[in-house]
Structure formats: C-alpha cells, structure tokens
Amino acid sequence: MSVRTRFAPSPTGYLHIGGVRTALFNWLFARGQGGQFLLRIDDTDAGRNVDAALQPILDGFRWLGIDWDEGPDVGGDCGPYFQSQRGELYNAAVQQLLDIGAAYRDFATTEEIAAEREAAEKAGASFRYSRRWRAESDADAARFAAEGRQSVVRLAMPDEGEIVIDDLVRGQVKFDWSREQDLVIQRADGSPIYHLASVVDDHAMHISHVIRAEEHLSNTPRQIFIAQQLGYELPKFAHLPFVAEPGSKNKLSKRKLDKYLKNRDFAAINDHGQQIAQKLGLSTSAETFNPVIVDFYEQVGYLPEGLLNYLLLLGWSLDDSTEDFTRAEMIEKFTIERVTKAPASFDPKKLMAFQDRTMQQLPIKQKVSRCVDFLQQAGWVATPPPCDIARYVTQVVEAIGDRLKVFGDILEFEEFFVADDELVYDEKAFEKRIAKPERAIELLREYRESLATCDEFDAASLDKHLHDFVEQRRIGMGDIIHALRVAVTGTAQGCGMFETLAILGRDRCLRRIDRVLNLA
RNA sequence: GGCCCCGUCGUCUAGCGGUCUAGGACUCCGCCCUUUCACGGCGGCAACACGGGUUCGAGUCCCGUCGGGGUCACCA
C-alpha cells in the first residue's frame, strides 16, 4: 500500500510555525517513501471568508517549498479538498452510525449537559453523560421536538473494555472505553464535528499515516471508534511531540504573544524583523506579524531551507552530530522511528544560527538578486533596476559579507543607498568620534585633502594610503579611522572601512566629509 | 480533578546494559584574529529529576515518588 499523508489546516489566516513542523514531517515522510502528501482544508466550522484566510497558508507552504500532490489549487482524485464541500459524505456516515446503533440522536440542551457535568464534578466523579435525552425511538424524538428541543448526534461509546493504540512514536498507548465521552459528531444545524469529518476524509482519501501533534493523542480513541464502526481499515498513527514556547514546555500558541515577547531571544528576532518590516513599509501589527507566524520569516528575508532545517531538528535527529541537511537529504534521511517523544522548545537563537549558515552558503548572485528585491520594496532603488545597480549591489553585498543574516539586513546599510546630504548621523557616534576628540576635525580636514588627490581609489590602495597618512603624522590609526567612518557612513559600525570608501567612490566620500566639516 | 504523554548540559539532542571520567549543536564566558561590527580559530563552564529494585555491571530495563505538559466543547 502506498504511503499517503496529509496536513489539514483550518483557514485561520496564518501559518503557524508549529503547524509547519507537523506538515514538514508529513511531507518528508511521504516524499521519502515515494508516496503522496495532501492538503485538506478543515473548514467545518469556518465563516464565509475562507479564501482570504486560506491564502496565507497556501502561500506559506509554497514559499517553504512544501508541495502537495492533492488539495486546493492542484485538485486530485479524492476531492473536493474542503470539508465544507463534503457534507453528504459526513451525513451518510452519521446515518450509518445511527443505523447500526453506534450513535444516537440526543435532545439535551447545552445547559442540561453542563449541569450534569457540574454535578459530577461536585460529587468528585468523572463525568459521563446520562443519555437522559437520548431518543430511543421516533416517538421519543417527536416528543422532544415538540418540547422545542433541538437534536445533535452523539456517539454511543462502549462502557467497557480498552483500546490499545499502536503509535509509531509512542508505542502502545491504552485507554479505557468507559472513560470516553459520548461525543457530539453532528451539530444541531447538521454540520459535522471535526472528529467525524476527519475520520471520514482520511478514509476516503486513503490516508495511510496520520502524523499529527501530540495534543491529538487523547482524541484518538474516539476517532478509532468511529472508524471501526464504519468498517474502515485504520491508518497508522504517529503523534509528534508539540513545539513548545521559548524557554518552557508549554505548547506554542499564537495567543500568548505578549508572554513570548518577554523572552529576550524571541523579542530580539521579533524586533529585528519589525525594524525591517518598517523600512519595507509593511504593516507591523504584532497580531499578524511575529515569529510564530511563517509569513514573518518570508517578509523579513529568511531562507526557507534554514527554517526547514531548524524545524526538522525540533523533535528529530539523524545521529549524534549531523545538523545540516539539504532538502534532498532531509527527504532521504527522515524516519518516524527517530522522532523524539518529549516536547521541544522553540529557540529563536538557534533558528538564527541555521539561517546564518544557510545564508552564507548562498551563491552571491542569488544573494544580490534577493537584496535588490528588498531594496526595491523599500524604494531605495528604481524598479526595475538599471543594470549597473546589480553590479553596485554586488559590491555592497560582498563588502557586507557575513553581516547579512537575512535579506532584509541590506536595509541596515543605508549609507550605500542614501544621497550624501540625506545621510543621517548617529548622534552618539558623532559625539564620541567627531565632536569630542580634540584633533578629529583637523585630521579629517587633512585627510580630506589627501583623499582628493590620491591616485587609486580601490580598497587596497586606500588601505595603504591611510596607513601612510597615519605614519607620516605619527598618530594612531584609531585617531582618524573612527571619525572617518562616522563621517562617511553616519554610524560607528559597518563594513570594512576601505571597501566602504571604494564602493562609495571619491566624490561621495569627499562630499560627506565636507558636510561634516561644515557641521562642526 | 480524571485519563494520557513526557523527564540527559540554559536550549535542541546523541545514547537502544559495559567502548559514558556522558558526545555534538545553539547560547554563554575567556583568548586569538580585527583599531568598527560581523565572521572565523582555539579553549572553557554546563546534564543523566529523585528513591528503590533487576544485574557482575544502569543514563540505558522494572516499580514508585516528584516534576512538567496535553486533553477532557454543538473548536480544529
């Protein structure tokens, strides 16, 4: 039997980082086994705006390069792939369960159920519905209906015996049937509940392996019950440890953003991203733009390979030392056997380390091309760029080197893209390196004259030139180079001094130094 | 609270009874490189939750305790 896995997101408007990890494992497993990976949209409870809420999810997967063989936009033999369009299937399944007595119509109100639950809790007993408003016959149903009651369909769970789940990551897990609730599978409005829809679809779509997060483990008995009653062959189950919050073992969720922002590392990559987003003119509402959401990484200019590589190692490892995987290697090496059992917390710093490594391996041409995209988006270069811009940006990117962690970082090197008279000077740096040192202005003036007449303007020559300058005056390099850097770039830190001067070229350097001399 | 899952450095993990004075990675801390920043190089700090068994021998198997988490919806 061929391997078929699926990821079934609800259209929530964003792709959660934990969801991606689950999807990744499903995808990797399917690809590695020569099987199929499908995307199904669990919108049984969704409002009308499904399209808008789905798009970011699809976009996220596309960006990551996680492709699906069947699902939205690509179709497939088992469609439709939206649960909202599969109503008849669920109705038929519900009817079948009703017919064989595995489910019943129930007319209890939510208040009545709540009251029973409360009473049970008070008595210290575990709650199980009394089935008091269960319709045993059509006459019962008519009578309840006459009282103005509405009905749902509930599962008639067995009250004895146990169910053993053979989980691919957790081994055998046992549950007592008697503790399972008579779960609702169809709402009063006739719409199906997730568990029912999920089981029906997994069967109809020939899913061989249900790989999902651990929080579904305790849902599994009821789903198995449904499947068994419907006569379905059971898929294999694999319950992955969930992705936990930074610095804790709690499940990572989008709701607790405020808490995560108090985590230093999380706050750091968030702030870094926010700054880039601002320069790009993006909406930076924390609700829709933060490191829990995949879109954040795309917008800021992370590489999907680095993110995937990091996520791969969140709950899986190959051996005692291998950390870097290409896409092909991930597919080749991934196995469910080596999935970990304990939850893994999301570590922003380590993610950045993977991003960094991935970025440094990227060929310069690609780096430049993506950087140009970001520069255009920020409005710093024309769209489309004149061909010499590509050459110019190549020089800049080479000079920046490892300092470029994500593509958006190119926007931190404003000095290369701003007009001379618009260069902003960092106040502290200006004070410390130009205003305060006694001879800074004097030296800068002298150096300016010297620079105006130096023959060659490449980095190596400029290097020698400055060294000669320093030597002649019997001063230290530190007496001039810092002031020079601030004068020319506006900041105290940046690329190599001589590369910077060379890229800027003589005219711009002179104009910027003049500006400082006039200011002082 | 019931049920279920989990428990090796701060974090991600290796470890499937002896080769573990517990290995790798990220972080952190030194030193080197560099008169910026970043990278890089070298070195260092740092863990088997606890208690009982089983065994010649336990991080590895069993039991218990403790701790953490998940789940108990007409959400998915």
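Predicted model only: the values in this text are computed from it and were never measured.
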- [ ] Specify whether F334(A) and F25(A) have parallel, tilted or perpendicular ring planes, treating 30° as the upper limit for parallel and 60° as the lower limit for perpendicular.
- [x] tilted
Given protein heavy atoms under 4.0 Å, the one-letter contact record of nucleotides 71-76 of chain B, with B base, S sugar-phosphate only and - none, is simply SSSBSB
Item to check | Ring geometry between Y302(A) and Y297(A) (parallel below 30°, tilted from 30 to 60°, perpendicular above 60°) | outcome: perpendicular
Open item on the list: It should be established whether K249(A) places a side-chain nitrogen or oxygen under 4.0 Å from OP1 or OP2 of nucleotide C12(B).
Closed with: yes
Ordered by number, residues from residues 159-169 of chain A within less than 4.0 Å of RNA chain B (heavy atoms) are none
Mutual orientation of the aromatic rings belonging to Y129(A) and Y104(A) [parallel < 30°, tilted 30-60°, perpendicular > 60°]: parallel
Which part of the nucleic acid, if any, lies within contact of T340(A), taking any heavy atom under 4.0 Å across all strands shown: a base, the sugar-phosphate backbone alone, or nothing? sugar-phosphate
For this session: Write down the distance separating the P atoms in G68(B) and U8(B), rounded off to the nearest Å.
Result: 14 Å
Check every strand shown and say whether G315(A) touches a base, only sugar-phosphate, or nothing at a heavy-atom separation below 4.0 Å.
sugar-phosphate
Between E214(A) and R433(A), the residue closer to the 5' end of RNA chain B by nearest nucleotide is E214(A)
Notebook entry, point to check: How about K405(A) and Q360(A): does a side-chain donor come under 3.5 Å of a side-chain acceptor?
Noted result: no
Looking across every strand, which nucleic acid part, if any, lies under 4.0 Å from R485(A) by heavy atom: base, sugar-phosphate, or nothing?
-> base
request  = Indicate the ring-plane relationship of Y447(A) and H465(A), choosing parallel, tilted or perpendicular according to the 30° and 60° boundaries.
outcome  = tilted
When all nucleic acid strands are considered with a 4.0 Å heavy-atom cut-off, which category describes R338(A): base, sugar-phosphate, or nothing?
sugar-phosphate
So what does F175(A) touch, heavy atoms closer than 4.0 Å: a base, only the sugar-phosphate, or nothing? sugar-phosphate
> According to a strict under-4.0 Å criterion, is S345(A) in side-chain N/O contact with OP1 or OP2 of C12(B)?
Replying inline: yes
Out of G69(B), C28(B), U35(B), minimum distance to the side chain of I481(A) belongs to U35(B)
Comparing nearest nucleotides in RNA chain B, the 5'-proximal residue of the pair L318(A), C495(A) is L318(A)
Is a donor-acceptor pair below 3.5 Å formed from side chain K350(A) to base C12(B), judging by atom type as modelled? yes
| request: Check the angle between the aromatic planes of Y194(A) and H216(A) and answer parallel, tilted or perpendicular using the 30° and 60° thresholds. | output: tilted
Margin query: In whole Å, measure the gap between the P atoms of C31(B) and C12(B) for me.
Written below: 30 Å
Margin query: Mind checking if G401(A) touches a base, just sugar-phosphate, or nothing, with heavy atoms under 4.0 Å?
Written below: nothing
Using a strict cut-off of less than 4.0 Å between a Lys/Arg side-chain nitrogen and an Asp/Glu carboxylate oxygen, indicate whether E442(A) and R439(A) qualify as a salt bridge. yes
Of the listed C4(B), G69(B), A25(B), the closest approach to the V173(A) side chain comes from C4(B)
Using a 4.0 Å heavy-atom cut-off across all strands, classify F346(A) as base, sugar-phosphate, or nothing. nothing
Handout entry: Polar contact flag, side-chain donor to acceptor under 3.5 angstrom, T489(A)-R485(A)
Key = no
The nucleotide from C6(B), C5(B), A38(B) with an atom nearest the side chain of L217(A) is C5(B)
Picking from G70(B), A25(B), G23(B), the nucleotide nearest the side-chain atoms of N250(A) would be G70(B)
